[in-house]
Amino acid sequence: MAQVKVYVTLKPTLLDAQGRAVQSGLKALGYDSVQQVRVGKYIEMEVAGDQAAVDREVREMCDRLLANPVIENYRYEVIE
């Protein structure tokens, strides 16, 4: 059983409205050193199978459901 950590973020060229809202909130709290905030999704899964099968299935899951490949990038880590 492999533990998989998936990170999904908006593509860098897109405006991250949620990131801007968080940055504004941090500045309002006095954290003026924060220059930029990007907000994304973090997903943990446990997936059965050998390394090749896990890689293939996770990529397919990301492309089909977990991320929107038109506007989002994703990366993942597999921990045995």
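- In terms of heavy atoms, Gly49 sits closest to Val54 at O-CG2, 3.6 Å.
- Atom OH of Tyr76 sits about 3.5 Å away from atom CG of Asp55, to the nearest 0.5 Å.
- Using a 4.5 Å cut-off on side-chain heavy atoms (C-beta onward), Gln23 and Val39 make no contact.
- Within the 4.5 Å cutoff, the side chain of Glu72 has heavy atoms near those of the Leu10 side chain.
- Considering only residues two or more places apart in sequence or on other chains, Tyr31 meets the ring-ring contact (aromatic ring centres under 6.0 Å, His included) condition with none of them.
- Here the closest heavy-atom approach between residue Asn73 and residue Pro12 is recorded as ND2-CD, 3.6 Å.
- Here the CD1-CE distance, from Ile79 to Met1, works out to 14.5 Å after rounding to the nearest 0.5 Å.
- Between the side chains of Glu44 and Tyr42, at least one donor-acceptor pair of N or O atoms lies under 3.5 Å.
- Annotation for Gln18: atom CD does not count as buried by contact number, only 12 or fewer foreign heavy atoms lying within 6.0 Å.
- Looking at heavy atoms from C-beta onward, Lys41 lies out of side-chain contact with Tyr74 at the 4.5 angstrom threshold.
- Put simply, the side chain of Arg20 reaches to within 4.5 Å of the side chain of Leu15, judged on heavy atoms.
- When all heavy atoms of Val78 and Ala2 are compared, the closest pair comes out as CG1-CB, 3.7 Å.
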